Amino acid sequence: MVVEENAAPLEDFSVKDLSSLTPRLRSDLRVTYQSFKEEPCYVIEDPFHSQFFRMGLIEYKFISQLNGRRSVARIMQALVHDLGEQALLDHEVLQILEWLAHNNLLDTGRVSAKEREKAALPLSSKLSQVIFLKIPLGNPDFFLRYLLRWSRPFFSLYFLILWLVLFLTAIYTVSKNWERFVAGGSSIIAPDNFLILTIIWLLLKVVHEIWHGLVCKYYEGTVREIGAMLILLMPIGYIDTTSCWGFTNKWHRIFVALAGIYIELFIASICILIWEQVEPGILSQVCYNTAIMASITTIFFNANPLMRFDGYYVLSDWLEEPNFYSRTRSFLVYLWKKYCLGIKVSFPEISWKEQWLFFSYAVAALFWRWGIYLGIIITSSFLFGGWGLIFSALGVISWVVVPLFSSLKYLFLGTKTEKPHFLRVSVILLSTGVLIYSSIYQFTWQQSLSFPAVVLYNRSEVVRAYSPGFIKEIYVKNGDQVDSGTVLARLRNVEAEVRLRSLDLDMSLSKLRMHQYQKTDIRAMQLEQERIVLLEKRRLEEKILLDSLLIRSPVGGFVEAPELDSFVGRYLSTGTPLCTIYQRGNLKLKIAIAQKDMDDFQDLLDKRVSIRMNNGEQTELSAIIKKIAPKVTLDLPHFALAAPFGGSLTVQEMNLGGERKYRLLSPHFLAELNLEKEISSSLKEGQTAWVKIYRKPEFIGKSLFRQIKNWIESRYLGEGF
């Protein structure tokens with residue numbers, strides 16, 4: 001028999017008189033003739049539960065006659081007449097009826113299919129509906145038919161070739177600009193980018209879902225519904241393309257599932273190519289955001305086969321398993337009941353290869369689902385404040401409390417047909433209790449904390465223009481080593497030169513007049529002498545001003561001025577900085593410590609800590625902390641630590657007097673440690689690092705309780721709902 005089981009082992013379906021039994025198949029079921037592994041079969045679609053069931057020709061010939069008027073006995077007689085020895089036996093008929101009843105495929109005549117579906121939902125599913133809110137938006141079939149007339153070129157071979165060329169070119173572009181591409185990732189989490197990111201996300205999801213529908217319509221399927229699912233108020237689109245299960249060609253069904261990813265990767269490729277060509281700005285940022293959202297996030301979520309999104313349906317079609325997720329889950333339950341609880345259960349016979357596939361997928365999907373649930377619980381508490389705590393509580397009740405209560409109830413009481421082995425249950429519960437107790441009160445762990453840091457010079461001299469003028473020549477470049485007194489640049493001040501020549505001329509005239517007055521007018525000669533002294537004083541001042549136009553290094557060290565080459569021809573007013581001279585071999589590391597972590601850091605003064613440099617080689621160093629600032633600050637220690645420049649600290653951009661400044665969004669303490677000369681010789685100012693410290697060892701349970709307590713206090717203490 002080829003009937004596919006979809007859930008847990010079937011309950012008994014006892015029938016005393018087949019002649020009086022007249023079951024009726026639900027009228028809303030859809031049936032499609034297909035080929036499965038080169039064997040003919042029928043696929044039954046349950047549209048309300050979004051499930052599909054596969055069965056053989058003989059089995060379907062039987063159930064297709066369940067119309068509520070003919071008895072099972074009469075149908076069996078007709079099958080014997082038509083099929084002879086191939087007709088179903090009594091126990092096979094009973095098994096089919098049990099399977100139909102178990103999967104709600106029979107019409108009981110008492111409630112509608114929708115009411116039956118709603119009533120069948122367990123408490124955990126009803127609570128989950130609050131978090132996963134589904135909003136239907138109508139039937140898009142007419143709109144898709146109209147749109148399909150204009151989009152057929154996108155389904156041609158030429159478009160596939162264009163898609164491949166653009167996709168491969170985009171991959172090459174990213175690899176060529178890898179450092180720039182990675183550095184741009186820090187801007188994704190910037191607060192001012194959230195609105196742009198949300199709009200891009202919504203537009204991409206609309207295109208994603210419409211493309212599923214277009215491909216389904218292209219292969220002559222029907223689309224019954226389109227809508228949105230709100231997960232923590234974040235919209236995720238959905239579209240009903242289940243009619244594709246009626247396609248006889250499985251590759252058509254696979255393309256329907258891949259359509260959304262296909263078009264998003266096309267959009268991402270175009271955005272990558274634009275991003276490479278344009279200058280940094282709004283267009284560059286929008287293209288970068290779109291490329292990230294349409295590629296990395298789409299592949300991570302939509303293409304992930306462990307979630308019941310596009311990737312899962314591709315895998316299901318490729319394996320030709322219509323209910324792959326539920327079957328693997330049933331197989332895991334079967335193994336648990338049989339080998340752990342000692343219950344006599346059965347599962348459809350499958351090969352060893354399929355058993356390993358089912359087991360591996362079921363375990364991976366189980367851990368992934370727990371991870372998603374945990375992520376939703378944590379994320380909701382951060383996004384929505386007090387209301388997020390309500391969402392988190394619903395999630396805990398739905399995904400932890402209710403399943404745990406049901407599991408314990410089953411372990412102790414079982415069901416009418418299944419009774420767990422008492423000794424095995426006792427061993428499982430005792431082992432679980434010992435493990436929990438040991439984790440809380442026996443095992444300790446030492447949590448590590450990492451803090452961002454940046455390399456700075458202890459001593460530096462800012463070289464400024466002491467006299468105004470235009471830069472005529474620059475004799476050094478960024479990174480050059482200079483000695484004290486080395487000429488760095490020459491400025492020119494034409495007005496000062498003119499004044500100096502004018503003073504020289506005035507002095508010459510005064511000297512001539514003084515010689516003329518020596519014999520004729522002594523008083524006039526004395527006045528000229530006084531005027532010459534005054535002119536000499538003014539000339540000395542002008543000469544000092546002109547001499548200061550030759551800018552020299554006040555100390556020996558290394559020149560730091562990334563834009564020094566572009567200064568030629570610029571006018572510098574008095575006090576304008578030209579460059580900075582750093583003295584190598586005298587470096588320090590400045591550390592930014594979040595306010596909440598200061599208690600753990602406070603005891604480390606004059607103690608050695610571990611340092612990991614971000615220099616591409618992941619160099620491990622150590623040094624002693626010498627100074628911890630007593631007050632918090634919003635000042636950014638160095639731009640290299642800011643998120644827009646590849647750092648880890650979130651900052652706020654400010655415009656002060658036409659100059660861009662960055663301030664920390666949250667207050668931090670600043671600590672310093674001096675680096676030894678042997679270490680300093682291989683480092684440069686502006687290099688970033690992570691300083692790692694370790695908490696005192698503590699019991700796992702105590703640590704977990706402390707972290708939960710601190711988190712609740714920091715998030716909700718004093719906040720209203």
Side-chain angles (χ1 to χ4, degrees), residues 50 132 134-141 143-148 150-156 159-160 162-164 166-167 170-171 197-231 234-247 249-272 287 289-318 324-325 368 372:
S50 296
F132 299 96
K134 190 175 181 181
I135 305 175
L137 298 177
N139 189 329
D141 198 68
F143 168 72
L144 292 175
R145 282 203 308 269
Y146 174 79
L147 194 60
L148 184 62
W150 305 97
S151 58
R152 286 188 177 275
F154 290 96
F155 305 108
S156 64
F159 182 77
L160 176 60
L162 175 64
W163 186 94
L164 286 172
L166 288 176
F167 182 68
I171 292 177
L197 212 62
T198 302
I199 295 173
I200 292 173
W201 169 269
L202 293 175
L203 293 176
L204 284 175
K205 293 307 121 180
V206 169
V207 174
H208 181 105
E209 299 306 326
I210 287 178
W211 215 257
H212 280 303
L214 283 175
V215 175
C216 185
K217 293 295 297 180
Y218 180 77
Y219 292 120
E220 300 182 356
T222 58
V223 180
R224 292 183 288 271
E225 184 179 272
I226 191 171
M229 179 179 289
L230 299 181
I231 302 180
M234 174 62 72
I236 296 179
Y238 74 88
I239 193 167
D240 184 0
T241 58
T242 52
S243 63
C244 70
W245 279 99
F247 300 163
N249 189 328
K250 77 173 183 178
W251 296 107
H252 292 174
R253 300 194 297 270
I254 289 176
F255 190 33
V256 171
L258 281 176
I261 301 174
Y262 180 75
I263 193 62
E264 286 203 53
L265 290 179
F266 178 73
I267 295 173
S269 301
I270 294 176
C271 289
I272 285 294
C287 289
N289 290 347
T290 305
I292 293 293
M293 301 299 290
S295 58
I296 297 177
T297 57
T298 298
I299 292 174
F300 185 76
F301 288 103
N302 292 95
N304 186 349
L306 299 178
M307 305 174 71
R308 300 186 71 174
F309 292 145
D310 303 338
Y312 162 75
Y313 292 107
V314 171
L315 178 65
S316 177
D317 268 317
W318 182 60
F324 183 65
Y325 183 87
W368 181 266
I372 292 294

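Note that the coordinates shown come from a computational prediction; the quantities given were computed from them, not determined experimentally. Index from 1, following the sequence.
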* Asked: Which value, rounded to the nearest 0.5 Å, describes the distance between Leu166 atom CG and Phe159 atom CZ?
  -> 8.0 Å
* Do you know which two heavy atoms are closest between Leu214 and Leu144, and how far apart they sit? -> CD2-O, 3.7 Å
* Asked: What distance separates Thr241 OG1 from His212 NE2, expressed to the nearest 0.5 Å?
  -> 7.0 Å
* Measure the spacing between OG1 of Thr198 and CE of Met293 and express it to the nearest 0.5 Å. => 8.0 Å
* With distance as the sole test, does Ser316 use its side chain to make a donor-acceptor pair with the main-chain N or O of Tyr312 at under 3.5 Å? -> no
* Between Ser151 and Leu147, which heavy-atom pair has the shortest distance, and what is it? -> OG-O, 3.0 Å
* Asked: Is the shortest heavy-atom distance from the side chain of Lys217 to the side chain of Asp141 under 4.5 Å?
  -> yes
* Of Trp163, Phe154, Trp211, the residue whose pairing with Tyr262 passes ring pair (Phe, Tyr, Trp, His ring centres under 6.0 Å) -> Trp163
* Asked: Got His208 and Asp310 here, is their nearest side-chain heavy-atom distance under 4.5 Å?
  -> yes
* Could you state the interatomic distance from CH2 (Trp318) to CG (Leu315), rounded to the nearest 0.5 Å? -> 7.5 Å
* Determine whether Tyr218 and Leu148 make a side-chain contact, defined as any pair of heavy atoms from C-beta on separated by less than 4.5 Å. => yes
* Structure fact -> For Ile272 and Ala170 the tightest heavy-atom approach is CG2-O, 3.8 Å
* Interatomic distance, Ile292 atom CD1 to Trp201 atom CH2 [nearest 0.5 angstrom] -> 13.5 Å
* Please confirm whether the backbone N or O of Ala268 pairs with a side-chain atom of Thr290, one donor and one acceptor, at under 3.5 Å? => no
* **Any Thr298 side-chain heavy atom under 4.5 Å of Lys205 side chain** => yes
* **Nearest non-hydrogen partners of Ser295 and Leu265, listed with the distance** => CA-CD2, 3.9 Å
* Worked check of ring-ring contact (aromatic ring centres under 6.0 Å, His included) between Phe300 and Trp368 -> CA-CA 12 Å; Phe300 185 76; Trp368 181 266; 5.6 Å; yes
